[in-house]
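Below is one structure, written out as structure tokens; comments come after it.
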Amino acid sequence: MRCWTFFLLLACCWAASTQLASAAASRARAGPTGAAPALQALLRLMKQHETLDNGQSALLVKLAKDVVRALSGENSSQQPPARLAAGTLETLLRAGPRAATPVHRAQLLVERGKLLQLMGRAEAAEEQMEQAAALLTAELASWRVADQQGGGAAAAGQAAGQTTGGAAADAAGEAGQAEAASAALGAAGTARGKAAASAALSTLLDVASTLRQLGREARANELLTGAVAAAPMLGSANSYLRGLAQLSKLTDEQLEGVLSCILAVEGASDPAADGCSWMRLNGDGTQGPAHKPLPDKHRLYYAAHRGLHARRRYTEAWAALDKAKRLHFLPHTGNYTEKGYSGGLAEVRRLFPPAGEGSGNLAQAAATAANFAEDAQVNGSDAAAAAAEAGMPPAEPTKAAQPAEAQAAVTLQSAAGSSAAWLQRQLRKLTRARGPAAQGTDSQGDSGAAAGGGGRELQAIFVTGLPRSGSTLIEQILASHPEVFGAGEHTPMRPVASRLQELLEAGNGSVAAAALTQLRRRYLSGMRAKVPPERQASTRWIVDKSLANTWVLGHIAALLPDACLVHAVRHPADAALSAFQQSFFPHKVPWSFNLSTIAANVAAHHELMALWDAAFPGRVLHLHYAHMVADQEGSSRRLAQHCGLPWHDAMLRFYETDRTVQTASQLQVKKPIYTSSLDKWHAYKDGLAPLLLQLRETILRYEEQAGLPSSKQLLDELAAKAAEQQQATGQQPPAQGAADLAGVQAAAAEQQAATEDQETTPEGGGTTMLLAEANEADDAAPLAAAKHSSRDEL
């Protein structure tokens with residue numbers, strides 16, 4: 001039974017932590033020193049060849065990508081090593097002029113820009129991206145001119161042979177053949193030019209992605225509009241879909257093109273499908289079969305949903321979204337089995353019972369453990385033993401000797417003794433690969449890397465919540481304070497919590513106070529390493545925004561009793577809809593593709609937070625998105641007060657803060673708060689009915705706690721409607737609408753015409769893919785989405 005409950009909670013945590021797996025995979029591919037060998041190979045190539053041909057230039061670019069990818073993967077929990085990063089920047093700068101083509105030079109600029117972004121040098125990164133964009137757009141323009149000239153010559157030759165007669169026809173035919181031969185010679189060059197243009201187009205999408213992460217939305221959209229227009233001329237369906245996925249919003253013309261392509265790839269006989277016939281072309285330019293498979297076809301439907309949603313054509317928008325989710329998850333269907341959460345919640349409840357219940361409560365022991373850990377003597381053999389137990393070298397002695405009683409082990413025994421071992425296994429599975437920062441040490445005790453400016457210890461702020469519920473917005477508000485650094489989602493807490501659980505298991509539910517101190521330093525040292533050098537002196541607080549921390553808040557409270565805990569919370573129905581609209585990686589967030597599993601996840605999350613409130617009364621600040629919209633300053637001041645921050649007016653101007661954001665809310669946090677993201681679920685209440693009824697009690701309880709208007713009447717109406725449908729058909733209503741988009745469009749045409757004049761884009765306008773809800777919520781997953789060479793996020 002415990003084996004099953006372990007897997008249940010593991011699934012919960014794994015779904016919430018979308019970026020850890022990606023970083024660990026990168027480290028596994030690169031190895032602990034993957035950047036250095038790739039850089040050495042790049043230097044050898046440059047030493048052997050003063051000038052490079054196409055093949056050597058392609059290898060140069062590959063090695064550059066390997067270096068930057070390895071640096072990114074190895075240092076997800078801290079800044080890249082200064083010397084190695086500086087050496088890479090200098091090498092890429094010298095490599096550029098040696099590349100054979102403008103596209104290769106642009107690709108090296110892109111990699112240099114990505115490294116600068118990783119180092120926190122946003123302005124320098126933007127400069128590199130703009131230089132690359134200039135080279136790439138020039139290459140595309142050059143190919144377009146050459147293609148038009150080549151096509152014109154071939155057409156002229158064919159016309160000359162077909163439209164004249166007699167001797168004149170023979171003469172003209174010979175002339176036409178000569179022109180055709182010339183055109184054929186030009187075609188080979190055109191083919192090479194097309195390959196270069198295709199590479200330029202793909203790289204331009206990477207440039208736009210990075211600019212968007214840097215907060216340059218308008219410039220990114222400008223590049224993407226050109227890319228989407230160029231993709232059909234190159235016959236590049238992949239680039240077309242990637243470009244659509246990144247556009248903040250679709251123009252009427254772009255939406256018409258998307259709907260045309262949906263008809264084309266589905267083999268419809270509708271004349272509108274002819275507008276996207278290029279998507280069925282073979283590689284040699286010949287016409288492919290009507291039902292030619294299209295990789296990543298789901299992106300077309302996501303784009304259609306976004307465009308239709310922005311125009312408030314909600315019936316069609318829901319049909320498009322339903323089709324997108326089905327297509328997207330189809331290859332993964334056999335790899336996912338729906339999990340329950342009751343077993344995992346029961347284990348957490350036993351490990352962290354409500355305050356005041358039982359004497360072996362880990363939650364109750366946390367404060368005592370912290371006090372002992374602070375006062376315990378940590379020197380000599382005791383320090384060595386504690387450090388070894390924590391998996392670290394011993395710290396330097398920092399305090400005078402304390403009475404022997406203060407050195408005693410602090411018992412953190414749960415009410416259910418075996419729960420410690422169970423949770424330890426779950427945490428160990430979560431952390432398959434520990435980054436250097438996570439395993440790093442702080443050999444100087446509370447000073448050094450763990451200390452803030454002026455020797456002050458770094459204070460941790462933990463922000464958690466459901467995906468798309470406002471956690472990125474809260475982090476951005478906090479990071480706008482001059483003494484706060486937003487560290488994002490790559491943090492060392494999970495491996496540290498895993499180590500704590502190992503100690504609990506080894507000690508039969510007990511852990512030495514000194515070991516807690518060492519683990520605490522270990523975490524703070526890893527977090528300090530994430531702060532850029534120029535911010536080290538001024539940073540006193542650091543934000544850990546990992547949504548997976550929801551499941552280890554008890555461990556956080558034990559290790560860091562002075563940590564600030566913040567819960568980003570949003571109306572359950574809005575959070576559920578936004579998760580369904582988001583194009584997550586199916587293997588990372590599989591529960592987001594089905595309304596029933598979304599409802600189960602949302603309900604479990606709210607129940608889990610209620611458990612933490614019972615175990616740690618008053619420790620968690622629940623910051624409601626609806627309250628932040630209604631009273632931004634009041635909510636921000638409560639946030640600052642809860643975390644012990646002195647007030648700073650910059651927290652109200654969070655959208656002006658220049659920092660890289662790598663989650664699905666990267667565009668929203670660059671804009672002021674507005675109201676269009678509230679109660680969005682009402683527009684889709686019929687499609688969401690199964691989920692809403694499943695979440696009925698969670699929704700009503702949330703609305704009462706948050707002081708929001710009750711949805712009881714609406715939910716009662718949906719329940720009655722569902723009962724009538726079941727009675728009429730003898731079947732349960734479908735969990736998701738399966739309507740065909742083309743059929744829904746035809747059925748909705750009359751209604752659409754009647755309301756078209758009143759339809760406007762919702763306030764706040766453009767967003768990323770299905771992110772029309774500006775400033776609303778944050779995604780557990782990093783928008784490694786926007787890196788988009790092979791990613792599906794929006």
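This one's a predicted model, so the numbers in the text were calculated from it and none came from an experiment. Both backbone and side-chain heavy atoms feed into the values below; hydrogens, waters and symmetry mates do not.
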Q) Can you list the steps and then say if L330 with R326 is a side chain to side chain contact (heavy atoms under 4.5 Å, CB included)? A) CA-CA 6 Å; L330 185 62; R326 292 174 185 273; over 6 Å; no
task = Let me see the working for E126 and L211 under side chain to side chain contact (heavy atoms under 4.5 Å, CB included), right down to the final yes or no.
result = CA-CA 7 Å; E126 182 181 356; L211 287 173; 4.0 Å; yes
List the steps and the verdict of side chain to side chain contact (heavy atoms under 4.5 Å, CB included) for L60 and M46. CA-CA 8 Å; L60 186 73; M46 292 174 57; 3.9 Å; yes
*For D296 and R242, what are the C-alpha separation, side-chain angles and deciding distance, and is it a salt bridge (Lys or Arg N to Asp or Glu O under 4.0 Å)?*
CA-CA 9 Å; D296 296 334; R242 286 180 60 202; over 6 Å; no
Practice prompt. Go through the steps for R69 and D66 under the test side chain to side chain contact (heavy atoms under 4.5 Å, CB included), then give the verdict.
Written response: CA-CA 5 Å; R69 185 183 301 114; D66 289 344; 3.0 Å; yes
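Contact between L140 and A197 at its shortest, heavy atoms only, is CD2-O, 3.4 Å. Across all non-hydrogen atoms, the minimal contact from A132 to A106 is CB-O, 3.6 Å. Closest approach of H309 and A317 over heavy atoms only: N-CB, 3.8 Å. Scanning all heavy atoms of the two residues, the minimum distance from A304 to I262 falls at CB-CD1, 3.8 Å. Closest approach of L250 and A303 over heavy atoms only: CD1-O, 3.4 Å. Shortest non-hydrogen contact noted between A125 and G113 is CB-O, 3.3 Å.
With contacts defined as side-chain heavy-atom distances shorter than 4.5 Å, the pair L255/R311 qualifies. Contact of the Y301 side chain with the D322 side chain is not registered, since no non-hydrogen atoms from C-beta on lie closer than 4.5 Å. T101 is not listed as a side-chain neighbour of R105, based on a closest heavy-atom distance of 4.5 Å or more. Using a 4.5 Å heavy-atom threshold, the side chains of E111 and T88 count as separate. Looking at F584 and P590, their side chains never come closer than 4.5 Å, going by heavy atoms from C-beta outward. Between L466 and L547, the closest side-chain pair of non-hydrogen atoms is not below 4.5 Å. Within the 4.5 Å cutoff, the side chain of Q107 has heavy atoms near those of the V103 side chain. Contact of the L259 side chain with the E256 side chain is not registered, since no non-hydrogen atoms from C-beta on lie closer than 4.5 Å.
A distance-only check finds a donor-acceptor pair linking the side chain of K530 to the backbone of A487 [under 3.5 Å]. Under a 3.5 Å cut-off, the side chain of Q254 and the backbone N or O of T251 do form a donor-acceptor pair. Proximity of a side-chain donor or acceptor of S142 to a complementary backbone N or O of A138 within less than 3.5 Å is not detected. Here the side chain of S57 pairs a donor or acceptor atom with the backbone of A100 at under 3.5 angstrom. Under a 3.5 Å cut-off, the side chain of R98 and the backbone N or O of G96 do not form any donor-acceptor pair. The closest donor-acceptor contact from the side chain of T137 to the backbone of A134 lies under 3.5 Å. Within the 3.5 Å criterion, the main-chain N or O of D206 finds a donor-acceptor partner in the side chain of T210. Looking only at distances, a side-chain donor or acceptor of K325 sits under 3.5 Å from a matching main-chain atom of S592. Of the possible polar contacts, none joining the E266 side chain to the L263 backbone as a donor-acceptor pair under 3.5 Å is found.
Note that CG of L109 and NE2 of H104 are 13.0 Å apart. Values are rounded to the nearest 0.5 Å. From L327, atom CG reaches atom NE2 of H298 across 8.5 Å, with rounding to the nearest 0.5 Å. In this structure, the separation between CG on N221 and CG on L247 is 5.5 Å, given to the nearest 0.5 Å. With rounding to the nearest 0.5 Å, the separation of CG in L244 from CZ in R299 is 9.5 Å. L478 CG to Q476 CD: the interatomic distance, rounded to the nearest 0.5 Å, is 10.0 Å. In this structure, the separation between CD on E139 and OG1 on T203 is 10.5 Å, given to the nearest 0.5 Å.
Surrounding CD of E253 are at most 12 heavy atoms belonging to other residues, nucleotides or ligands under 6.0 Å away. The local environment of CZ in R121 is sparse, with at most 12 non-hydrogen atoms from other residues, nucleotides or ligands closer than 6.0 Å.
Ring geometry, H328 versus Y302: the interplanar angle exceeds 60°, so the pair is classed perpendicular (tilted spans 30 to 60°).
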